[in-house]
Amino acid sequence: MSNQVIQVNDSEMKNIITHYHRNQVVRNAPGVVFAAKTTDTAITAYNSGKVLFQGGGAHREATRWQGASLSANSKTTKPKSSGDMLPANLAQLSIIGSDETGTGDFFGPVTVAACFVRDDQIELVRELGVKDSKQLTDDLMRKIAPDLQATLIHSVLTLRNEKYNEVQQQGNSQGKIKAMLHNQALKHVLRKMEGEKPTHILIDQFAQRAKYYNYLKNAPEVIKENVLFSTKAENLHVAVAAASIIARVAFLEDMDKLSRVAGFPLPKGAGPAVDQAAARILLKDGEAKLKTLTKWHFANAEKAKKIALKRRD
Ligand code: MN
């Protein structure tokens with residue numbers, strides 16, 4: 001299916017609505033101000049001024065309104081990434097994306113999300129605020145995530161610290177833990193899709209393909225069909241960007257809970273502030289309690305113990 005998006009001003013929008021009003025259809029999606037369906041083109045107009053044309057006549061209809069700006073829209077920039085060879089039109093395809101958060105944070109869980117964005121939902125997902133992930137603050141992501149979760153077929157898994165430590169101490173590397181969670185989230189999404197197939201599955205690459213599947217060699221059901229790996233995949237398809245936001249917000253929400261348990265806001269990452277916070281919990285509540293809030297195998301645990309010993313003297 002062909003897709004064209006144009007950006008129009010208010011008066012152009014009025015002309016478009018007038019032109020297609022006899023073909024108007026009802027679409028109660030967020031941000032949609034007008035929708036129409038002709039014999040070969042679906043037209044969706046958003047309150048941001050974007051108009052999406054889909055179907056065999058998409059290019060012809062879009063050119064009717066904005067011939068000049070179309071070439072600018074279809075230009076693709078190649079972000080720096082590594083991994084599989086990717087289809088040139090990847091950004092416009094129906095994709096399940098997956099991504100994880102929390103793997104570098106001493107406090108808090110590892111979260112993984114996968115979500116499905118069908119080609120006709122791509123523009124909507126952008127409208128919901130999934131743009132350049134670097135521009136998204138934690139607060140903004142907390143606002144966007146509920147809309148994404150309401151709109152998209154998705155799965156989000158939170159591996160809380162006690163379970164993480166148990167699995168890690170059984171000899172599972174963090175890479176293997178991540179692979180198991182990605183595979184699980186992808187399975188859940190495929191199950192919810194009830195037979196509908198994505199064109200591809202795109203995993204934000206944390207391990208090369210061979211290594212990823214080696215991690216899963218004993219897993220009962222491994223998702224392999226049409227799977228692509230790429231680093232920086234959140235820049236390649238909104239499905240990965242959306243998964244990244246959903247995973248991040250699940251991490252933040254668990255951190256909120258753990259902060260209430262600790263009695264103060266827990267710092268993210270694995271730097272000196274984290275060592276200090278961990279030492280404070282050690283002195284106040286002891287090691288067993290600290291362990292339930294952290295990824296215990298991180299070097300921060302030993303650093304915190306040293307700081308606590310010094311403070312105790
Ligand atoms: Mn990632």
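Positions are given from 1, in the same order as the sequence printed here. Start at 1 and go down the list; that is how both ligands and their atoms are numbered.
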Quick check: does E100 have an N/O/S atom under 2.8 Å of the Mn ion (ligand 1)?
no

Which atom, counting only N, O or S, brings D99 closest to the Mn ion (ligand 1)?
OD1

Test applied, side chain to side chain contact (heavy atoms under 4.5 Å, CB included); reference residue, V240; option that passes from N235, D204, V130:
D204

Compute whether any side-chain donor of one residue and acceptor of the other, for T137 and D139, lie under 3.5 angstrom apart.
no

N, O or S atom of D204 closer to the Mn ion (ligand 1) than 2.8 Å:
yes

Both conditions, 6.0 Å and 45 degrees, for the charged tip of K224 above the ring of Y213: are they met here?
yes

Strictly distance-based, threshold 3.5 Å: is any side-chain N or O of R209 a donor or acceptor partner for the main-chain N or O of V227?
yes

